Amino acid sequence: MAVEAVESRTSVPRATASFGPAVALSCRECGERFPLGPSFACVSCFGPLEVAYELPAGDPESLRRRIEAGPANIWRYAPLLPVPADVADRPNLNPGFTKLVKADNLARELGVTGGLYVKDDSGNPTHSFKDRVVAIAVEAARAFGFTTLSCSSTGNLAGAVGAAAARAGLRSCVFIPHDLEAGKVVMAAVYGGELVGIEGTYDDVNRFCSELIGDPLGEGWGFVNVNLRPYYGEGSKTLAYEICEQLGWRLPDQIVVPVASGSQLTKIDKGLKELVALGLVEDRPYRIFGAQAEGCAPVSRAFKDGHEVVRPVKPDTIAKSLAIGNPADGPYVLDIARRTGGAVEDVDDERIVEAIRLLARTEGIFAETAGGVTVGVTRKLLEDGRLDPSLTTVVLNTGDGLKTLDAVAAGPTATIPPSLSAFRTAGLAGL
């Protein structure tokens with residue numbers, strides 16, 4: 001259905017600024033299209049909306065050169081995102097183009113021979129991948145004239161929204177479960193916006209925000225992961241773009257992605273398919289694996305049981321950034337894992353901590369608990385023979401371990417007086 005044909009059926013504000021190659025919002029279930037606006041659900045079938053594009057046509061080599069000449073952040077991919085052409089000149093945090101670490105030490109520990117890489121998104125401005133998605137959502141908020149930026153968050157998103165809003169000159173008011181890790185609470189609060197703790201789980205917080213959107217109190221508010229969700233989600237595609245560019249413009253054979261709502265995994269798959277369609281990478285098979293914590297593994301459980309529906313659970317895990325018991329994109333994660341020949345697996349809290357320590361010891365990367373989940377699941381998949389050790393594998397670390405210090409007990413090897421004799425007596429001189 002043409003965009004113009006459904007315009008009269010929607011009452012949401014229309015965009016006042018350019019959205020680059022984006023042309024409409026499209027329902028992921030029925031395919032119906034709607035004008036670009038702050039909408040997130042199809043009025044016909046209530047399916048989720050996502051951004052539809054008319055992507056650049058022509059010579060792939062010219063597009064590749066244009067991307068490579070761009071800034072060293074996500075705006076190098078502006079021709080593929082729902083943002084104006086001058087986005088890099090606007091006040092924003094400029095996230096992205098984080099390191100793709102060739103993890104040879106970790107590969108030896110795990111028995112990987114085909115090349116193992118860690119995409120380390122702890123190098124973003126607020127030290128998590130959430131800066132990517134928020135950067136796109138901020139541009140949508142500006143286009144729709146919102147004055148307050150908001151979200152429901154398990155921690156990382158709250159900090160990313162607070163920082164991005166401060167930089168963009170917007171008010172922020174973010175909502176979190178009351179029992180988050182202290183490091184994430186401080187990071188969310190320090191930017192000067194409003195931080196509200198809600199008694200309950202993330203799913204309770206998300207329901208509250210959905211109610212607030214429909215109330216006059218929420219007028220003028222852009223909720224990055226609710227009414228701006230279609231744009232917000234597109235930020236995760238830049239992980240796929242960067243991985244392929246950093247691999248020399250080729251697809252990884254296998255990629256392991258943490259699953260909370262599931263949006264990141266689905267958008268990475270979307271980004272990979274776009275690069276193939278544009279001729280920027282060679283079309284060949286790739287496998288996508290989802291990683292969850294055992295204490296909040298509704299998608300993993302559905303995958304193992306062969307189900308199409310994801311049944312909600314009550315989270316109980318140290319990996320609080322992944323503690324979403326009713327993941328919105330769970331069914332689509334199942335579809336992608338099955339279509340690509342991947343899987344969705346989970347590990348318990350003990351293996352999460354072991355994996356955090358393993359990654360730190362082998363590669364000098366201190367991951368938060370979500371990174372421990374992806375490394376732990378990678379190890380488990382290799383042990384079970386479901387990951388091929390001879391293929392190129394990319395593992396995502398989506399946040400900094402300094403945010404989840406309580407998960408790992410560590411301290412000085414020894415405490416001694418300031419003398420050489422004490423150092424010798426402690427038995428450390430031969431280390």
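Numbers for residues simply follow the sequence, beginning at 1. Because the structure is a prediction, the values reported are computed rather than measured.
Partners of E199 under the side chain to side chain donor-acceptor pair (under 3.5 Å) rule, at least two apart in sequence or in another chain, do not exist in this structure. Scanning for side chain to side chain donor-acceptor pair (under 3.5 Å) contacts around N94 gives W75, with sequence neighbours left out. For Y241, the ring pair (Phe, Tyr, Trp, His ring centres under 6.0 Å) partners at least two apart in sequence or on another chain are Y77. For N73, the side chain to side chain donor-acceptor pair (under 3.5 Å) test picks out no residue, with sequence neighbours left out. Listed by chain and number, the residues in a side chain to side chain donor-acceptor pair (under 3.5 Å) with T340 amount to none (sequence neighbours excluded). Partners of F129 under the ring pair (Phe, Tyr, Trp, His ring centres under 6.0 Å) rule, at least two apart in sequence or in another chain, do not exist in this structure. Listed by chain and residue number, nothing satisfies the ring pair (Phe, Tyr, Trp, His ring centres under 6.0 Å) test with Y191 (two or more places apart in sequence, or in another chain). For D384, the salt bridge (Lys or Arg N to Asp or Glu O under 4.0 Å) partners at least two apart in sequence or on another chain are R386.
K119 and T98 form a side-chain donor-acceptor contact under 3.5 Å, judged by distance and modelled atom types alone. D400 and S128 share no donor-acceptor pair across their side chains, judged by distance under 3.5 Å alone. At a cut-off of 3.5 Å, with distance as the only test, a side-chain donor of S44 or E32 sits close to an acceptor on the other residue.
In plain terms, the two heavy atoms of L25 and G37 that are nearest each other are CD1-O, 3.4 Å. Looking at every heavy atom in both residues, N397 comes nearest to G371 through OD1-CA, 3.5 Å. Shown here for I356 and T369, the closest heavy-atom pair between the two residues is CD1-CA, 3.9 Å. Taking both residues in full, the closest heavy atoms of S261 and I324 are given as N-CD1, 3.6 Å, listed atom of the first, atom of the second, then distance. For the residue pair A22 and L36, the shortest heavy atom distance occurs at O-CD1, 3.7 Å. For G96 against N124, the heavy-atom pair with the smallest separation is N-OD1, 2.8 Å.
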Test side chain to side chain contact (heavy atoms under 4.5 Å, CB included) on L334 and R338 and set out the steps.
CA-CA 6 Å; L334 294 174; R338 289 166 177 154; 3.8 Å; yes
Decide yes or no on ring-ring contact (aromatic ring centres under 6.0 Å, His included) for F19 and F144, but give the supporting numbers first.
CA-CA 11 Å; F19 275 74; F144 299 130; 5.5 Å; yes
Take N326 and Y202, measure what side chain to side chain contact (heavy atoms under 4.5 Å, CB included) needs, and give me the verdict at the end.
CA-CA 9 Å; N326 188 17; Y202 170 82; over 6 Å; no
Evaluate the salt bridge (charged side-chain N to carboxylate O under 4.0 Å, His left out) criterion for residues R357 and E354: first the C-alpha distance (whole Å), next the side-chain angles of each, then the deciding distance (0.1 Å), finally the verdict.
CA-CA 5 Å; R357 291 182 176 277; E354 289 174 357; over 6 Å; no
Side chain to side chain contact (heavy atoms under 4.5 Å, CB included) assessment of L93 paired with V138:
CA-CA 10 Å; L93 295 179; V138 165; over 6 Å; no
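Sparse packing is recorded around CZ of R311, with 12 or fewer heavy atoms of other residues, nucleotides or ligands lying under 6.0 Å away. Heavy-atom neighbours of E61 CD from other residues, nucleotides or ligands within 6.0 Å: above the threshold of 12. Surrounding NZ of K380 are more than 12 heavy atoms belonging to other residues, nucleotides or ligands, all under 6.0 Å away. Under a cut-off of 6.0 angstrom, the local environment of NZ in K102 is crowded, with over 12 non-hydrogen atoms contributed by other residues, nucleotides or ligands. For R66, the CZ atom is loosely surrounded, since the number of other residues' heavy atoms within 6.0 Å does not exceed 12.
Just one of R250, R64, R76 meets the side chain to side chain donor-acceptor pair (under 3.5 Å) condition when paired with E245; it is R76. Of the residues D204, N206, D203, the one that meets the side chain to side chain donor-acceptor pair (under 3.5 Å) test with S152 is N206.
Listed by first then second residue, pairs satisfying salt bridge (Lys or Arg N to Asp or Glu O under 4.0 Å) with a partner in residues 162-190 read E181-K184, K184-E368, not counting sequence neighbours. Listed by first and then second residue, the salt bridge (Lys or Arg N to Asp or Glu O under 4.0 Å) pairs that reach into residues 290-299 come to none, sequence neighbours excluded. Within the structure, salt bridge (Lys or Arg N to Asp or Glu O under 4.0 Å) pairs that include any residue of residues 220-234 comprise R229-D329, E234-K237, E234-K270 (at least two apart or interchain). Applying the salt bridge (Lys or Arg N to Asp or Glu O under 4.0 Å) test to every pair with at least one member in residues 120-131, sequence neighbours left out, gives these pairs: D121-R132.
For the atom pair CD (E308) and CG (D335), the distance works out to 6.5 Å, reported to the nearest 0.5 Å.
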